[in-house]
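Comments concern the structure below.
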Amino acid sequence: MAIENPFNSILKSLHKPSGDGEFGKYFSLPALNDPRIDRLPYSIRILLESAIRNCDEFQVKSNDVEKIIDWENTSPKQVEIPFKPARVLLQDFTGVPAVVDLACMRDAMNNLGGDSNKINPLVPVDLVIDHSVQVDVARSENAVQANMELEFQRNNERFGFLKWGSNAFNNMLVVPPGSGIVHQVNLEYLGRVVFNTNGVLYSDSVVGTDSHTTMIDGLGVAGWGVGGIEAEATMLGQPMSMVLPGVVGFKLLGKLRDGVTATDLVLTVTQILRKHGVVGKFVEFYGEGMSELTLADRATIANMSPEYGATMGFFPVDHVTLQYLKLTGRSDETVSMIESYLRANKLFVDYSEPQAERAYSSYLELNLEDVVPCISGPKRPHDRVPLKEMKVDWHACLNNKVGFKGFAVPKESQNKVAEFTFNGTTAHLKHGDVVIAAITSCTNTSNPSVMLGAALVAKKACELGLQVKPWIKTSLAPGSGVVTKYLQRSGLQKYLNELGFNIVGYGCTTCIGNSGDINEAVASAITENDIVAAAVLSGNRNFEGRVHPLTRANYLASPPLVVAYALAGTVDIDFDTESIGIGKDGTEIFFRDIWPSSEEIANVVQSSVLPDMFRETYNAITKGNPMWNNLSVPSGSLYAWKHESTYIHEPPYFKDMSMSPPGPHGVKNAYCLLNFGDSITTDHISPAGSIHKDSPAARYLTERGVDRRDFNSYGSRRGNDEVMARGTFANIRIVNKFLNGEVGPKTLHIPSGEKLSVFDVATKYKSEGHDTIILAGAEYGSGSSRDWAAKGPMLLGVKAVIAKSFERIHRSNLVGMGIIPMCFKPGEDADTLGLTGHERYTIDLPSNVSEIRPGQDVTVATDNGKTFVATLRFDTEVELAYFNHGGILQYVIRNLINAKH
């Protein structure tokens with residue numbers, strides 16, 4: 001039972017600097033008078049304030065507060081704490097399944113005799129519809145309107161469902177499509193920094209269903225990605241159970257050299273942190289170099305936390321943060337409240353004052369002057385390549401065996417030239433030629449310096465007479481309407497348009513796989529000649545098969561470099577020694593001729609990015625647009641499911657659910673469904689991109705009368721479990737050891753030896769009454785947080801995944817769906833243990849959950865007599881409780897029905 005907060009004695013008044021009244025009350029950390037707090041990293045202080053404010057000796061206990069205060073001693077011991085974030089952030093790809101699950105939970109509550117209206121968000125939920133921009137129309141002045149109309153035609157039902165949710169559930173703000181990318185909207189508008197709710201002030205903190213929620217850490221708001229399943233429980237008032245993290249202190253010195261971009265910095269930081277090892281940890285930035293980084297630069301670094309593996313990349317609030325809040329149109333009164341609260345509660349960094357020494361788990365240091373221009377690829381975000389080394393690296397990739405840095409193109413084929421006809425003109429394509437160049441993604445579109453830098457490159461190129469080849473699919477997708485305003489004010493948008501970088505829409509595009517089709521003649525030239533074509537994008541993810549099925553080489557680059565590579569037309573170039581093209585006067589034009597200085601960029605930013613732009617954009621944002629406002633939606637608190645719908649379908653999670661938890665399940669004589677190596681991403685497990693015409697999902701849609709051109713993407717159909725189960729492991733680039741080198745979404749039905757689609761084999765095993773497991777290597781589930789990467793395997797009948805290591809969010813999602821995550825012992829994997837995957841696997845677990853411990857070792861037996869020990873990756877007692885209930889959502893429903901307090 002909850003009791004009165006035992007920390008009410010430190011509830012203090014915060015007076016306005018003017019002396020004219022008070023802002024409200026707050027739980028004062030200094031009033032605890034505990035010297036340990038002064039040594040805590042700022043990120044840990046935010047966890048502490050939350051625990052104190054929410055302490056009820058039921059969900060959050062005094063002992064939890066003490067664990068956090070004693071962080072220096074407790075964090076190395078992997079202690080568990082509850083955390084109650086201030087709000088939840090959703091985007092539409094994850095928002096649809098979240099609202100589907102909430103609607104299902106209401107039905108389940110109803111069926112079990114509970115009050116269905118208890119299924120309502122108890123914390124603010126911000127839902128931004130941003131993943132709806134498929135680049136169907138590019139290189140056109142009318143691209144924005146044309147793409148928006150196509151998206152509303154395709155997604156009418158999905159958008160209508162979200163609009164129903166915004167009316168049916170309390171505490172849910174929906175930002176309509178066409179407004180921007182969720183993380184940029186969060187940074188520029190939704191981020192409160194400090195909440196003032198019912199007269200109580202507290203730090204903003206957020207968990208979001210997209211891994212790049214971490215972008216908000218650049219604003220001094222503690223935020224990170226969680227699985228959609230975990231986010232739903234948080235919405236419903238459940239505390240998040242988390243291991244108190246270690247914090248890596250990352251000291252920044254100096255300043256960036258002229259011509260070096262924030263993207264170059266983030267790719268460098270990503271490589272350093274990947275090497276250091278920061279999985280499951282916070283990274284907190286500090287040092288005199290902080291004053292040289294704009295808030296947009298900080299947000300760029302924070303955004304890519306998932307790529308370097310940290311839970312957060314945190315920048316405490318300082319004067320730069322306050323300046324940004326004013327720039328983005330927050331009122332003077334709000335900024336004054338934020339500064340006053342954070343200073344009073346020792347959560348503000350003032351670099352003009354002597355800095356108290358803070359404790360960190362480990363320390364890193366980077367002199368910003370050491371950062372050089374670079375890109376990352378061709379298949380992973382942390383494979384950084386200095387620009388000077390790019391040509392050599394590219395040729396090494398052509399030679400290397402197939403892998404993250406290799407395509408195994410035979411020497412005699414490396415200079416192949418494919419001839420094709422484009423709009424009646426003969427054209428040529430070679431290995432490394434760029435066919436997609438996209439300025440896209442939350443990582444960079446919120447940063448005026450790189451966006452205006454790209455526009456300056458375009459201006460210089462146009463003035464010199466350079467052009468982009470017409471078959472390269474170029475696009476510009478700003479993260480909010482503010483970008484359009486400052487590009488227009490600067491007078492530079494016209495130069496981007498001249499090169500084909502017309503605005504295509506406001507939202508996630510190429511980076512999430514919404515590239516749209518490339519020209520048919522180009523596509524044929526690639527496939528018929530086995531060309532390793534390239535995409536260059538200002539994104540954060542370049543995993544194989546994600547950007548476009550036909551671009552095997554995908555490089556992450558700053559927006560100015562995207563323009564430069566589009567002009568060059570190839571990644572097979574040394575920008576120092578080779579010309580980009582021939583100017584209008586017949587002279588060779590080099591990279592240095594079109595690259596702007598840092599001073600040039602700063603001057604344009606200063607004159608073009610103004611507070612009124614942010615105010616105008618966001619004053620209108622929740623008013624929607626005519627297409628959104630004209631959507632007609634049903635009323636009522638229970639959703640009227642349409643069984644014929646191929647977008648929104650009632651999933652079977654709560655079918656036959658009773659009030660009694662089913663208890664833990666082991667695995668008996670299971671077949672191995674898939675046998676993987678390292679770095680299987682959530683894009684491999686549950687792709688978000690296009691639905692292949694020969695896939696089980698395509699078969700399902702065709703059988704229901706859906707024309708191929710209306711298949712849309714997997715991401716857009718996440719509200720339909722039938723499509724998503726069929727889309728599980730449907731990535732065309734997936735590598736399964738059972739296939740002996742063959743690439744594609746198939747596997748082996750071991751009893752019969754048949755090679756079928758993964759869905760068909762899983763269905764066969766289920767019909768035969770067999771459990772299945774998955775064997776995997778390191779970093780299983782890396783990439784975007786994607787709840788369908790856990791829901792899909794559960795629907796396919798997967799009972800356990802045994803891997804060398806898991807990505808943090810994905811492991812949590814598996815637990816949330818009742819799948820057992822297990823790790824091989826260090827130094828072991830399927831290969832070293834001599835496992836082929838043809839064995840049958842038994843994992844015995846006690847039937848009483850109280851007999852299972854977090855992280856305990858368990859013996860796995862096979863039918864050929866081999867046994868091995870693996871670690872059970874239920875990391876906390878709460879996760880064991882979820883497992884006992886069959887999943888986190890079932891746990892929440894039973895708890896709400898049984899709640900007596």
Side-chain angles (χ1 to χ4, degrees), residues 210-212 214 224-227 243 245 248 267 269-281 283 304-313 376-384 402-406 540-546 554 556 674-688 728-729 731 733-737 743 773-790 792-793 798 800-815 819-833 835 870-871 873 875:
D210 186 282
S211 48
H212 293 106
T214 53
W224 58 87
V226 296
V243 173
V248 178
L267 295 177
V269 166
T270 298
Q271 190 178 46
I272 291 169
L273 288 169
R274 289 281 301 202
K275 185 177 178 182
H276 185 73
V278 293
V279 172
K281 297 174 184 173
V283 176
M304 282 189 74
S305 293
E307 281 67 45
Y308 46 81
T311 304
M312 281 206 300
S376 278
K379 302 181 187 183
R380 295 189 302 186
H382 52 280
D383 290 334
R384 186 179 70 94
V402 174
F404 297 122
K405 293 288 288 186
N540 46 51
R541 298 269 165 80
N542 55 340
F543 301 124
E544 210 170 1
R546 179 184 176 100
N554 301 283
L556 306 182
L674 293 146
N675 186 0
F676 290 131
D678 294 343
S679 296
I680 292 295
T681 71
T682 50
D683 281 306
H684 290 122
I685 304 168
S686 182
T728 304
F729 300 109
N731 187 304
R733 298 286 178 199
I734 201 164
V735 178
N736 173 10
K737 291 180 186 178
V743 176
I773 63 140
I774 290 170
L775 295 176
E779 299 179 333
Y780 183 76
S782 57
S784 301
S785 61
R786 197 162 287 171
D787 54 345
W788 270 110
V798 173
V801 179
I802 310 173
K804 285 174 72 174
S805 64
F806 291 93
E807 191 275 338
R808 175 184 64 84
I809 299 172
H810 184 63
R811 185 204 60 79
S812 167
N813 277 345
L814 291 175
V815 173
I819 293 174
I820 305 168
M822 299 179 74
C823 278
F824 292 107
K825 302 302 282 183
E828 294 183 350
D829 59 20
D831 291 340
T832 65
L833 293 167
L835 303 172
T871 302
R873 286 298 310 277
D875 289 356

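Remember, predicted model here, so these are calculated numbers, not experimental data.
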- prompt: Quick one: does Ser805's side chain have a donor or acceptor within less than 3.5 Å of a partner on Glu779's backbone?
  reply: yes

message: For Arg811, is there any backbone N or O sitting under 3.5 Å from a side-chain donor or acceptor partner on Arg873?
response: no

field: Contact check, side chains of Ser782 and Thr681, non-hydrogen atoms, under 4.5 Å
entry: yes

field: Note, His810 side chain near Thr682 side chain (heavy atom, < 4.5 Å)
entry: yes

- prompt: So which heavy atom on Gly781 is nearest to which on Glu807, and how close?
  reply: O-CB, 3.2 Å

- prompt: So, Lys281 side chain and Gly309 main chain: donor-acceptor pair closer than 3.5 Å or not?
  reply: no

- request: Please name all residues satisfying salt bridge (Lys or Arg N to Asp or Glu O under 4.0 Å) with Lys275, sequence neighbours left out, ordered by chain then number.
  value: none

field: Pairwise distance CD1(Ile734) to CD1(Ile685) - rounded to 0.5 angstrom
entry: 7.5 Å

query: For His382 and Thr270, which heavy atoms make the closest approach, and how far apart are they?
result: CB-CG2, 4.0 Å

query: For the side chain of Asp678 and the backbone of Gly777, is there at least one donor-acceptor N/O pair under 3.5 Å apart?
result: no

- line: Heavy-atom nearest pair, Met304 first then Leu556, reads CE-CD1, 4.5 Å

statement: The reported gap from CG in Asp787 to CG in Leu814 (rounded to nearest 0.5 angstrom) is 11.5 Å

task: Please report the closest heavy-atom contact between Val735 and Ile680, naming both atoms and the distance.
output: O-CD1, 4.4 Å

- request: Could you give me the CA-CA distance, side-chain angles and deciding distance for Phe824 and Thr832, then say whether side chain to side chain contact (heavy atoms under 4.5 Å, CB included) is met?
  value: CA-CA 10 Å; Phe824 292 107; Thr832 65; over 6 Å; no

task: Would you mind reporting whether Pro381 and Tyr308 have side-chain heavy atoms less than 4.5 Å apart?
output: no

Trace of the side chain to side chain contact (heavy atoms under 4.5 Å, CB included) decision for Ile774 with Ile802: CA-CA 6 Å; Ile774 290 170; Ile802 310 173; over 6 Å; no

- request: Give the intermediate values and the outcome of side chain to side chain contact (heavy atoms under 4.5 Å, CB included) for residues Arg808 and Thr311.
  value: CA-CA 8 Å; Arg808 175 184 64 84; Thr311 304; 3.4 Å; yes

- request: Measure the shortest side-chain to side-chain distance between Lys405 and Asp383 over non-hydrogen atoms and say whether it is less than 4.5 angstrom.
  value: yes

Single hit among Arg546, Arg541, Arg733 for salt bridge (Lys or Arg N to Asp or Glu O under 4.0 Å) with Asp683: Arg546

- request: Using only heavy-atom distances, determine whether the side chains of His212 and Glu307 contain a donor-acceptor pair under 3.5 Å.
  value: yes

task: Mark yes or no for whether Asn736, through its side chain, and Leu674, through its backbone, hold a donor-acceptor pair below 3.5 Å.
output: no

Where Pro306 and Thr214 come nearest, the two heavy atoms and their spacing: CD-OG1, 3.7 Å

message: I'd like to know if the side chain of Lys379 reaches the main chain of Gly403, judged simply by a donor and an acceptor atom lying under 3.5 Å from each other, with no hydrogens or angles considered.
response: yes

- prompt: Does some side-chain heavy atom of Pro793 sit less than 4.5 Å from a side-chain heavy atom of Ile819?
  reply: yes

message: Please verify the inter-ring angle class for Phe676 with Phe729; under 30° counts as parallel, over 60° as perpendicular, anything in between as tilted.
response: tilted

task: Mind checking the OG-CG spacing from Ser686 to Asn813? Nearest 0.5 Å is all I need.
output: 11.0 Å

- request: For Ser679 and Arg380, work out which heavy atoms get closest and say how close.
  value: OG-NH1, 4.0 Å

- request: Evaluate side chain to side chain contact (heavy atoms under 4.5 Å, CB included) for Trp224 paired with Ser305, printing each intermediate quantity in order.
  value: CA-CA 9 Å; Trp224 58 87; Ser305 293; over 6 Å; no

